[in-house]
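Protein chains get the first letters and strands the later ones, always in sequence-line order, with residue 1 at the start of each.
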Amino acid sequence: MSAPAPAFRDRVLALVARIPEGRVMTYGQLALLAGQPGAARQAGFVMNSLMGGGELPWQRVINAQGRVSTHKLGFGDMQERLLQAEGVVFDASGRCDLSRLQWWPEEAAPSAPEPLL
DNA sequence: GTCGTGACCAGGC
DNA sequence: AGCCTGGCCACGA
């Protein structure tokens, strides 16, 4: 394809759009699947650009600590509420069980022998 | 083209 | 348990 590879931003958004209800993904994970391991901050920067605007389930994106990183932005409470509405349970520390809720696309399953296409 | 910034991550105290 | 530091890479002006 002579067309340039999709921007990191679009790549992340595509992944977020595929997160099923009741599941979550971490920023580092999005960056990894987007082809830029270590670019977790950028994944967050991409979400910040959306600012909750659009049909994208940005609420399902949380940090590696299993906690929402939007508290200081002002709408973190809304994110937790939306996730709780999907069945996600947060403990007293505001953290959820990533080992159970973290979702991986089939083409990038952690157990898959092939890393990416 | 360069600089600064950020919804992070991991390690150490 | 919580708090601080350094490092990482892409996007906007």
Side-chain angles (χ1 to χ4, degrees):
Chain A
M1 304 279 282
S2 57
F8 177 79
R9 178 159 109 30
D10 296 332
R11 193 85 181 229
V12 172
L13 297 178
L15 288 165
V16 175
R18 290 157 67 166
I19 302 175
E21 185 177 301
R23 298 288 180 179
V24 297
M25 289 182 78
T26 68
Y27 299 96
Q29 183 183 0
L30 287 169
L32 179 67
L33 297 176
Q36 299 304 335
R41 304 191 72 172
Q42 268 41 10
F45 191 79
V46 170
M47 305 305 284
N48 188 8
S49 298
L50 304 177
M51 243 180 168
E55 307 293 319
L56 207 66
W58 60 273
Q59 63 223 48
R60 294 171 191 157
V61 182
I62 61 179
N63 60 22
Q65 300 175 356
R67 199 182 190 298
V68 297
S69 307
T70 52
H71 275 291
K72 59 183 181 180
L73 293 179
F75 51 91
D77 189 51
M78 176 174 72
Q79 183 172 7
E80 281 190 25
R81 189 176 299 180
L82 289 168
L83 289 173
Q84 288 177 358
E86 296 183 358
V88 177
V89 180
F90 291 90
D91 63 8
S93 301
R95 298 192 298 196
C96 64
D97 189 349
L98 282 176
S99 301
R100 197 184 70 175
L101 298 174
Q102 188 171 17
W103 174 79
W104 292 82
E106 304 259 339
E107 58 262 27
S111 302
E114 306 204 11
L116 285 170
L117 46 105

Treat primed atoms plus P, OP1 and OP2 as sugar-phosphate and everything else as base, then score nucleotides 1-13 of chain C 5' to 3': B for base contact with protein heavy atoms under 4.0 Å, S for sugar-phosphate contact only, - for none. S-----BBBBS--
Here the distance between atom P of B/dC8 and atom CG of A/Asn48, to the nearest Å, is 10 Å
Run through the side-chain heavy atoms of Ile, Leu, Val, Met, Phe, Trp and Tyr, join any pair under 4.5 Å, and report what else lands in A/Phe90's cluster. A/Val24, A/Ile62, A/Val68, A/Leu83, A/Val88, A/Leu98, A/Leu101
Testing the basics here: between A/Ala31 and A/Ala43, what is the closest heavy-atom pair and its distance to 0.1 Å? N-CB, 4.5 Å
Report the distance from atom CG of A/Leu13 to atom P of B/dA7, rounded to the nearest whole Å. 15 Å
Are A/Leu50 and A/Val16 close enough that some pair of their side-chain heavy atoms sits under 4.5 Å apart? no
Considering all heavy atoms of both residues, which atom of A/Trp104 and which atom of A/Leu33 are nearest to each other, and what is their separation? CZ3-CD2, 4.1 Å
In the hydrophobic clustering (ILVMFWY, side-chain contacts below 4.5 Å, transitive), which residues join A/Phe45, or is it alone? none
Where A/Val46 and A/Arg9 come nearest, the two heavy atoms and their spacing: CG1-CG, 3.7 Å
Which pairs, with at least one residue in residues 60-69 of chain A and sequence neighbours excluded, count as a side-chain hydrogen bond (donor to acceptor under 3.5 Å, both in side chains)? A/Arg60-A/Glu86, A/Asn63-A/Ser69, A/Arg67-A/His71
At a cut-off of 3.5 Å, list every protein nitrogen or oxygen paired with a nitrogen or oxygen from nucleotides 9-13 of chain B, distance to 0.1 Å.
| residue | atom | partner | partner atom | Å |
| --- | --- | --- | --- | --- |
| B/dC9 | OP1 | A/Ala64 | N | 2.8 |
| B/dC9 | OP2 | A/Ala64 | N | 3.0 |

Please collect all side-chain hydrogen bond (donor to acceptor under 3.5 Å, both in side chains) contacts where either partner lies in residues 17-30 of chain A, sequence neighbours excluded, each pair once. A/Arg18-A/Glu107, A/Gln29-A/Gln102
